[in-house]
Amino acid sequence: MATETESTEGIFGSNDIARQERIEQLRRGVLSFTENKLSVVGLAMIVALVLAAIFAPVIAPYPEDAGAGVNFDRASQPPSLDHPMGTDTTGRDIFSRVLFGARLSLLMGVIVLSIAISIGVTLGLVAGYLGGTTNVVIMRTTDIFLAIPPTLLAMAVVAATGASLFNVMVAIAFSWWSWYARLVQGEVLSIKEDEFVESSRALGSGWFRTTFKEILPNVVSPITVKATLDMGFVILVGAGLSFLGLGAQPPTPTWGAMIAQGRNYVTSYWWIAVFPGLAISFAVLGFNFIGDGLRDVLDVEVN
């Protein structure tokens, strides 16, 4: 009985020690992140962007202008107290449209990366762990996709399927998964012979359990850092496709389409194109600052 009691106490003691170590590691990570001033600035920028997107119907002074409203009596007005970012050529409030555009940009980034990560991580894990012919086939396919510029491939997919927000998201994800497959495959190759993996095999675990239960948790850090950095670039690519008319169609307020509308009036009504462009820069910089901070905290290198 005494032996069982001591064993139970030892287990609980080990759990307490492990919990304290995780808490201490988290504390050090937060401290390291906050020491990087640009990371804190980036976090504040993205929090502000997310809140603006969530509460756009409340914050926007003219929420009806997110649609196809026409108000020629206040068309092309410069920035003022009533219209902080001015109005476009049909009299719609640009500030209101930028706020609603943030919703679409963040939604697109989340959906695109969710699809790309799901496909790329799965293929990278399978290729790295199984090796052999499976690895060759998956990696050569990945190399083909990596050789094609993401924007060009996305344009081809959208041109074939039609211009819409959904098609843009699928097209970008279709061109983005290969980066995650390559990243994860390299990580798996570097750790699949480690002791914890060998122990899992020795206990009779199959390749699926070993790959997804043992190896995957150990490659989460580089995936997280890359996803954070990629979020801004996905928003940028999506805005580029919208600028070309391949994204969500008018009157949907996408940042790229707003810039495309204002490009012909830059010399006379500069605010129509400048403020949506600043919104894109704000989002990209914010995610890049956070990604750089996470890369330092997690001590990983991603391409």
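For clarity, every value in this text was computed on a predicted model and none was experimentally measured.
The nearest pair of heavy atoms linking Ala283 to Trp255 is CB-CZ3, 4.2 Å. Here the closest non-hydrogen pair linking Ala154 and Ala171 is O-CB, 3.6 Å. Residues Gly124 and Val184 approach most closely at C-CG1, 3.8 Å, considering heavy atoms. Of all heavy-atom pairs spanning Gly245 and Ala163, the tightest one is O-CB, 3.8 Å. The nearest pair of heavy atoms linking Thr142 to Ala181 is OG1-CB, 3.9 Å. A pairwise comparison of heavy atoms in Ala60 and Pro63 identifies O-CD, 3.4 Å as the closest pair.
Between atom CD1 of residue Ile223 and atom CG of residue Leu216 there is a gap of 6.0 Å, rounded to the nearest 0.5 Å. How far CG of Leu125 is from OH of Tyr180: 14.0 Å, rounded to the nearest 0.5 Å. The CD1 atom of Ile148 sits 11.5 Å away from atom CG of Asp143, with the distance rounded to the nearest 0.5 Å. With values rounded to the nearest 0.5 angstrom, Ser178 atom OG is found 9.5 Å from Met139 atom CE. Expressed to the nearest 0.5 Å, how far CD1 of Ile172 lies from OG1 of Thr151 amounts to 8.0 Å. The distance from the OG1 atom of Thr228 to the CG atom of Asp292 is 10.0 Å, given to the nearest 0.5 Å.
Two different hydrophobic clusters hold Val266 and Met85 under the rule that ILVMFWY side chains link at heavy-atom gaps under 4.5 Å. Ile46 and Leu38 fall within a single hydrophobic cluster, where Ile, Leu, Val, Met, Phe, Trp and Tyr side chains are chained together by heavy-atom contacts under 4.5 Å. Taken together through direct or relayed side-chain contacts under 4.5 Å among Ile, Leu, Val, Met, Phe, Trp and Tyr, Met45 and Val40 form parts of separate hydrophobic clusters. One hydrophobic cluster holds both Leu107 and Leu51 under the rule that ILVMFWY side chains link at heavy-atom gaps under 4.5 Å. The cluster map of Ile, Leu, Val, Met, Phe, Trp and Tyr, joined by side-chain heavy atoms under 4.5 Å apart, puts Ile59 and Phe100 in different clusters.
Looking at heavy atoms from C-beta onward, Gln185 lies in side-chain contact with Leu189 at the 4.5 angstrom threshold. With contacts defined as side-chain heavy-atom distances shorter than 4.5 Å, the pair Val98/Leu278 does not qualify. The shortest distance between side-chain heavy atoms of Ser164 and Gln249 does not fall below 4.5 Å. At a threshold of 4.5 Å between non-hydrogen side-chain atoms, the residues Trp179 and Pro150 count as touching. Side chains of Trp177 and Ile115 form no contact here, defined as non-hydrogen atoms less than 4.5 Å apart. With a 4.5 Å cut-off on side-chain heavy atoms, Ile259 and Ile280 count as touching. The shortest distance between side-chain heavy atoms of Arg182 and Leu146 falls below 4.5 Å. You'll find the side chain of Met231 reaches within 4.5 Å of the side chain of Leu106, heavy atoms only.
For residues 69-78, every residue pair satisfying the side chain to side chain donor-acceptor pair (under 3.5 Å) rule, not counting sequence neighbours, is listed here: Asp65-Arg74. Contacts classified as side chain to side chain donor-acceptor pair (under 3.5 Å) and involving residues 81-109 (residues at least two apart or in different chains) are given here: His83-Asp93, Asp88-Thr90, Asp88-Arg92, Thr89-Gln261, Thr90-Arg92, Asp93-Ser96. Applying the side chain to side chain donor-acceptor pair (under 3.5 Å) test to residues at least two apart or on different chains, none of the pairs has a partner in residues 267-279.
In this structure, Phe145 places its CZ atom where more than 12 heavy-atom neighbours from other residues, nucleotides or ligands lie under 6.0 Å away. Atom CZ of Phe233 sits in a sparse spot, with 12 or fewer heavy atoms from other residues, nucleotides or ligands closer than 6.0 Å. Within 6.0 Å of OH in Tyr129 there are more than 12 heavy atoms belonging to other residues, nucleotides or ligands.
One N or O on the side chain of Thr122 and one on the backbone of Ser118 form a donor-acceptor pair closer than 3.5 Å. With hydrogens and angles ignored, the 3.5 Å screen pairs a side-chain donor or acceptor of Ser281 with a backbone N or O of Gly277.
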Is there a side-chain contact (heavy atoms from CB on, under 4.5 Å) between Ser114 and Val110? Walk through the geometry before answering.
CA-CA 6 Å; Ser114 296; Val110 170; 4.1 Å; yes
Mind running side-chain contact (heavy atoms from CB on, under 4.5 Å) on Asn36 and Asp296 for me, showing each step along the way?
CA-CA 9 Å; Asn36 187 330; Asp296 294 338; 3.6 Å; yes
Show your working on side-chain contact (heavy atoms from CB on, under 4.5 Å) between Ile191 and Ile215 and close with a plain yes or no.
CA-CA 8 Å; Ile191 65 175; Ile215 296 179; 3.7 Å; yes
Can you check side-chain contact (heavy atoms from CB on, under 4.5 Å) on Met155 and Leu241, steps first, answer last?
CA-CA 7 Å; Met155 288 174 61; Leu241 293 174; 3.4 Å; yes
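The only member of Ile235, Asp230, Val234 that meets side chain to side chain contact (heavy atoms under 4.5 Å, CB included) when paired with Phe287 is Ile235.
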